[in-house]
Amino acid sequence: MSEGLISTAVTSALHEALRKAQTDGQLRLEVWPSLVFDIPKRAEWGDLSTTVAMGLAKGEKRSPREIADVIASHLQGDTDLFDHVDVVPPGYINLTLKRDQWFRVLTEIERQGASYGASRVHEDQKILIEFVSANPTGPLHVGHGRGAAVGDALARLLSLTGAEVSREYYVNDVGTQIETLGKSVLMRVQQQDAGDHDQNAALPEGLYQGQYISAIAAAFMESHPSGTRTPGEGDAVEIGRFAKDIIFHDIREDLRMFNINFDEVFEEHTLYDDGVVQGALDALRAKEYVYTADDADWLATSRWGDDKDRVVKRANGQYTYFASDIAYHMHKFNRGFQRLINVWGADHHGYVPRMIAMIHALGYSEDRFQVSLVQLVSLVRSGKPVAMSTRAGEFVTLREVMDEVGVDAARFFFLMRRSDTPLDFDLDLAKRNSNENPVFYVQYAHARIASLFKMAREQGMDCPSVSEVTLTELGLPEELALIKKLAEYPEIISESARSLEPHRVAYYLQELAASLHSYYYKHRILQADAPELTSARLVLMRAVQTVVRNGLAVLGVSAPEAM
RNA sequence: GCGCCUGUAGCUCAGUAGGAUAGAGCAUCGGACUUCUAAUCCGGUUGUCGCAGGUUCGAUUCCUGCCAGGCGCGCCA
């Protein structure tokens, strides 16, 4: 788990201390403990602390205090690393590092630049992240936007931690949906053809209601000039395909504008065209996981904890969506992906157990499949919720939100809460240019530093490299606090990637920005009469800027040079 | 009825692979602009971590039961 420079050094020191205690016969260590550090809540508890002694007490049959003393005595020998080591009841070991150790962080950030935070925790994993996958029957709404932001951030996090990641969009283009879409457009075409221009009249229950249907109808009539005949029922499928192409084109356009690009768009119909569905079901039938009952075909998902078995082929001969999903996920594994991550709306959570059962049926371990559930977004304006009703087609589109608040604010807001909790998206707040707005606050930290460098250049100062400055000039508590914050970043990234929780990065950035603003306000950086101090501070500022930029990049938010 | 998620300060939310006196932003009150961006900063106030048990040296975190809210429970997609 330890990925940062400091924690790597401290972990190996602790490991060494335990090993020595063992060879000296002071500790038995029949089970080797996991070496975990916390950042203490209070400064007087040191830079890092570990509860390892408390965990060992039972196995060693000694008090945590005694064990902590033994470990601490060995750690104290490492005078390069530790300034001092304290043991505090009931058995905490609190570590305070030499200031020089913290300065190494600045060297590391300068050396790694945009790669600072990267690691190899997911090395050799080939991961497929499927997200958005909205049906091409209407424009993307804000909920899709949140899923898009989350999926993309997960992709960035996982590839930053060493995985080979593919972003994929699955298009449901089989079944009744496209036909329903076709019927919806057809009705508007017929209306318009009959000279009825009241496009607000509701369509029958079950059809798509939005304004975009009328627009597509108009486009259809333009490309299929009338005069020959009025389109009828038989044209629904053709019109459906026509509409799907337009809608999907617009979806891709919205996503491009939202700064999200997919490596692959996977169309459901190819699973049927290429016999993948049939092949998957045959294979499962050979293993006796698929059986026939009541004229339908079932997958025995209850074998793996699902409430009941699930139909894959209906009595009327049609396959269910689940059948496509089985084939699709088998196909994902067959393409060489070790790990599959699906980002879904939380309203689909009931579908997860049968998916997990299916993964077992296909012969894979369930830890190779994860679903990240993304909860609803409610828009708030002037303190009041914005009315949204999918039924009446009155949803707010992703495009509208992007147009109103901008891509950066939208992405940051979608990612600043844990994705499995509902999100209140305050449109007024997202547009505000003040510290109340977290996106602004973080971006401003970056811009502020950029502006500082501009000013420095105007005064003939370039930002020096770490090796050229006297780092001991950085003696203020706020400076050390900033460096410690920067040192945390690699762990934030690896934890965020491990737990599939990008919001941790958003929180971290707000904390880092707060430390920066506070420091910047209190202490002047450019001081003509103190060139050594100025140089050291510029180096620190550049490190902060690098980390802010890197963190924003994980969220897909820009880091402006000026605001 | 069954299942999943959620319940932490007035509001919006972090924190929880068990650890020390539970945090942030907003709101509110009071301060700071001869300054590299005051687009900012500093300080004060705020808690039965839904309730009740259990496991543990130690529980907001794990287990059980309840309460409240959301979502889901088709040979729909």
Side-chain angles (χ1 to χ4, degrees), chain A residues 1 34 36 38 40-42 44-45 49-51 54-55 57-58 63-64 88-92 94 135 137 172 174-178 180 206 293-298 305-322 324 345-353 373 375-376 380 383 416-418 420-424 426 429 432-438 440-441 443-445 447-456 458-459 461 495 498-499 501 503-504 506-508 510-511 513-514 516-528 534 537-538 541 562-563:
Chain A
M1 152 177 168
S34 62
V36 183
D38 289 322
K41 283 181 278 196
R42 306 171 75 90
E44 64 261 34
W45 294 337
S49 106
T50 177
T51 58
M54 276 118 97
K58 191 168 276 180
S63 77
V88 179
Y92 292 98
N94 292 342
N135 294 332
T137 54
N172 293 122
V174 174
T176 55
Q177 281 190 114
I178 301 302
T180 305
D294 302 329
D295 298 327
D297 292 347
W298 304 70
D306 194 11
D307 294 341
K308 48 177 283 200
D309 293 347
R310 304 293 171 175
V311 170
V312 292
K313 189 178 184 182
R314 302 196 291 241
N316 67 9
Q318 286 188 318
Y319 291 103
T320 61
Y321 264 34
F322 188 46
S324 314
D347 54 339
H348 290 85
H349 71 260
Y351 208 75
V352 174
L373 295 172
Q375 279 283 7
L376 291 178
V380 176
M416 72 182 181
R417 301 274 179 254
R418 232 173 62 215
D420 63 351
T421 66
L423 170 69
D424 283 326
D426 187 331
L429 179 61
R432 210 166 295 159
N433 288 352
S434 76
N435 60 354
E436 297 156 82
N437 180 352
F440 178 85
Y441 188 75
Q443 287 186 317
Y444 179 47
R448 216 173 189 185
I449 296 171
S451 155
L452 181 72
F453 287 138
K454 189 169 164 233
M455 184 64 68
E458 282 167 16
Q459 296 175 13
M461 278 181 281
E495 272 300 284
R498 184 192 60 77
S499 58
E501 292 181 342
H503 73 276
R504 293 171 186 240
Y507 271 88
Y508 170 82
Q510 291 177 74
E511 289 167 10
L516 181 275
H517 286 308
S518 172
Y519 172 68
Y520 185 95
Y521 185 82
K522 279 191 218 161
H523 305 289
R524 196 175 169 79
I525 288 148
L526 304 178
Q527 298 191 34
T534 300
R537 287 183 172 177
L538 283 173
M541 287 301 101
M563 296 176 77

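Reminder, nothing fancy here: chain letters follow the sequence lines and each chain counts from 1.
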Short side-chain N/O contact to [N] OP1/OP2 from [X], under 4.0 Å:
X       : N      : answer
N437(A) : A39(B) : no
N172(A) : A77(B) : no
K308(A) : C75(B) : yes
R42(A)  : A22(B) : no
S518(A) : C42(B) : yes
R418(A) : G15(B) : yes
T421(A) : A14(B) : yes
R314(A) : C76(B) : yes

Measuring from the side chain of [X] (C-beta onward, heavy atoms only), which nucleotide among [options] has the closest atom?
X       : options                : value
Y507(A) : A14(B), A32(B), C36(B) : A14(B)
Y521(A) : C75(B), A77(B), U40(B) : U40(B)
K522(A) : C75(B), C42(B), U40(B) : C42(B)
W45(A)  : C75(B), A38(B), A20(B) : A20(B)
Y321(A) : C75(B), A77(B), C13(B) : A77(B)
R417(A) : U21(B), A14(B), A38(B) : A14(B)

- [ ] Using the aromatic ring of Y351(A) (for Trp, its six-membered ring), decide whether it stacks on the base of G72(B) within the limits of 5.5 Å and 30°.
- [x] no
Task: Aromatic-base stack, Y92(A) on A20(B), cutoff 5.5 Å, angle under 30 - done: yes
Task: Qualifying residue for side chain to side chain contact (heavy atoms under 4.5 Å, CB included) with V312(A), from Y319(A), F322(A), W298(A) - done: F322(A)
Sticking with atom [atom1], work out how far [N] lies from [M], rounded to a whole angstrom.
N      : M      : atom1 : result
A14(B) : U60(B) : C1'   : 13 Å
G18(B) : U12(B) : C1'   : 28 Å
U34(B) : C29(B) : P     : 24 Å
G7(B)  : U16(B) : P     : 13 Å

Open item on the list: Are the side chains of L452(A) and I525(A) in contact, using a 4.5 Å heavy-atom criterion?
Closed with: yes
- [ ] Kindly indicate whether the side chain of M461(A), heavy atoms from C-beta on, has any atom under 4.5 Å from the side chain of M455(A).
- [x] no
Measure from [atom1] on [X] to [atom2] on [N] and round the result to the nearest Å.
X       : N      : atom1 : atom2 : value
Q375(A) : C71(B) : CD    : P     : 9 Å
I178(A) : A77(B) : CD1   : P     : 13 Å
H503(A) : G23(B) : NE2   : P     : 18 Å
R504(A) : C13(B) : CZ    : C1'   : 14 Å

TODO: Between P422(A) and V174(A), just flag the one whose closest nucleotide in RNA chain B comes earlier from the 5' side.
DONE: P422(A)
Open item on the list: Reading RNA chain B from 5' onward, which residue's closest nucleotide shows up sooner: E436(A) or R524(A)?
Closed with: E436(A)
Open item on the list: Apply the syn/anti split at 90° from 0 to C49(B) and say which one it is.
Closed with: anti
Task: Canonical and wobble pairing (Watson-Crick, G-U, under 3.5 Å) of RNA chain B, dot-bracket with | - done: (((((((..((((.....[...)))).(((((.......))))).....(((((..]....))))))))))))....
Can you check whether any acceptor in the base of [N] is under 3.5 Å from a donor in the side chain of [X], or vice versa?
X       : N      : value
N94(A)  : A20(B) : yes
T320(A) : A77(B) : no
H348(A) : G72(B) : no
H349(A) : C71(B) : yes

Open item on the list: Hydrogens and angles aside, do Y351(A) and R310(A) bring a side-chain donor and acceptor to less than 3.5 Å of each other?
Closed with: no
TODO: State whether a side-chain donor-acceptor pair under 3.5 Å links R448(A) with H517(A).
DONE: yes
